[in-house]
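What follows is a short report on a single structure.
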Amino acid sequence: MKLFRMLGRNIRDSFKSVFRNFSLSLASISCITITLIVVALSMVLSANVNNFADNVEKDLTIVVFIERGASDEIIEKLGDSIDLLNYVESKTFKDRMDITKEMIEEDRTFEMILSKYTRENTPVRDEYLIKVTDIEKIGEVADNIRKLDNVYGVEYGETIIDSLITIFDVLRKASYISVIALVLVTAFLISNTIKITIFSRKREIEIMRLVGASNLNIKIPFIFEGLFLGIIGTIIPIILTTYGYVAIYQHFNGQVFSPFLKLISPTPFVYQTSLLLLVIGMLVGMFGSYRAVKKHLKI
Amino acid sequence: MDLIRMKNVKKVYKNGVTAVYDLDLTIEKGEFVFVIGSTGCGKSTLIKMLYRAEKPTSGIINIGGIDVAKLKNRNVYKIRRKIGVVFQDFKLLERSTVYENVAFTLEVFGIPKAEIHEKVLKVLDLVGLKHKVKNYPNQLSGGEQQRVAIARAIVNGPKLLICDEPTGNLDETTSLGIMQVLEEINKLGTTIIMVTHDTDIVQRMQKRVVLLDSGRILKDYEKGTYRHEAI
């Protein structure tokens, strides 16, 4: 009962304190707001870059050209052998005549060349299209397929894909590092602003100590205050993220320049980002206050 | 019965200055003691050690069974809850009302609201400020602010009240009013130690006087009057 009473008092006092020290609170809130807007921007960018990378990677396929004259039974056996390989997610068989049809549909000039051929003498080969579970292993899978019988050749655009994978990997890591670095910088900035705020209330802490408040008694209201500052500070970043992102998404029709570069659908992305911002704001506010008040507890 | 027992207490500051030398002092429950002496004689250090704002370099300071000298920083609140402290500059929370300032001490201890209300009004009545509960410190005179500070210091019913020049910033009439309040509190059983430079007050009150000089107790008068050898 006593614990709840004290907790209630702490929450009430810290809420009051935010408004009683409004100009100082405003400084902390502004700092949280501005830095979290930058964090939100970097989070949205990073998530979309990752999404682009994922989309491109998902479309990467190994094309297995099958030896001419392979019977249906041999083709099926080859399929089974491919299934047994590591990192193979799925395989699709494509008949040479279907491929011919697709080629003609795509480009009419093929019709002149390919219409001369029959199923028996067409230069087009039957294919297996393979998707892998781990894009970084695409080369390894391709090499293993090459070793199988009745495989004429394997194609996955080695040089371009390898460099794309490297670029995506670097981009991903860079975006993660930049978000983490930004969150840390935010924590540091907010913590310092709150420190200045609390420095001006050094006297208040001194009085609290003098009347017999334990360190915990003193810390808790300030931590709650930091929490409130954090929550208030995230309001604008959350509104900007939610409405801003939806507006951008609608403006670009969900993709940037090409269908390859699809933006992440706003739902539930904006809600997840907002929740993350709120958590960051709350934690950073609490941590900032805790760090700041701790310095003044030696009187 | 002893409330405070100081034995061989010495305080050397980090800069090498020794403020108090091997001090022995015993104060009984219910006493009213003036600590006097010229500036720099160690009286402030002495009372700061009592409420553990300063830690003695060596010696024992026992207050109501607690060895204050051995208290760790995080446990200082244990002694502060047993004593009240009044300062020359009042040390009130500027953004809190009179009521909130006094209630603050009790809230810290997690006392129920109704009990806080009752105790705060009672103590404000004792210091004559019941009608100013809703005022903020900057709306009060110096004497009134000091009364609020006294109310805050005693609302928890401490056994010991430490006053660090409580009348230092006040005029003579106001000071006498404050002394009347302190005397009343003392009559209710609270031990009071008061540091002062005020000659008149010491003369009038006729209480025990401890005279410090260069960090040592020079004289300890039973029912002392102020003598011109000090201050």
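Within every chain, numbering begins at 1; the chains are lettered A, B, ... in the order of the sequence lines, protein sequences first and strands thereafter. As the structure is a computational prediction, the values presented were derived from the model and not from experiment.
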Next on the checklist: Give me the atom names and distance for the closest heavy-atom approach of A:Ala213 to B:Tyr77.
Outcome noted: O-CB, 3.7 Å
With a 6.0 Å cut-off (strictly less than), is the heavy-atom count around [atom1] of [X], excluding the residue itself, greater than 12?
X: B:Lys159; atom1: NZ; result: no
X: B:Tyr13; atom1: OH; result: yes
X: A:Arg291; atom1: CZ; result: yes
X: B:Lys11; atom1: NZ; result: yes
X: A:Ile236; atom1: CD1; result: no

Checklist entry - Nearest 0.5 Å, what's the CZ-CD1 distance between B:Phe90 and A:Ile207? => result 12.0 Å
Next on the checklist: Could you check whether any side-chain N or O of B:Arg80 sits under 3.5 Å from a backbone N or O of A:Arg209, counting only pairs where one atom can act as donor and the other as acceptor?
Outcome noted: yes
Next on the checklist: Strictly distance-based, threshold 3.5 Å: is any side-chain N or O of B:Arg81 a donor or acceptor partner for the main-chain N or O of A:Gly212?
Outcome noted: yes
Checklist entry - Any side-chain heavy-atom pair from B:Glu107 and A:Asn217 closer than 4.5 angstrom? => result no
Item to check | Portion of B:Pro158 that has a non-hydrogen atom of chain A nearer than 4.5 angstrom | outcome: neither
Checklist entry - Is chain A contacted by the side chain of B:Asn101, its backbone, both, or neither, given a heavy-atom distance below 4.5 Å? => result neither
Checklist entry - What parts of residues 121-155 of chain B touch chain A if we use heavy atoms and a cut-off under 4.5 Å? => result B:Tyr136, B:Arg152
Checklist entry - Which residues, numbered in order, of residues 91-100 of chain B come under 4.5 angstrom of chain A by heavy-atom distance? => result B:Lys91, B:Leu92, B:Leu93, B:Arg95, B:Ser96, B:Glu100
Next on the checklist: Can you tell me which of B:Phe104, B:Tyr51, B:Phe87 forms the most heavy-atom pairs within a distance under 4.5 Å of chain A?
Outcome noted: B:Phe104
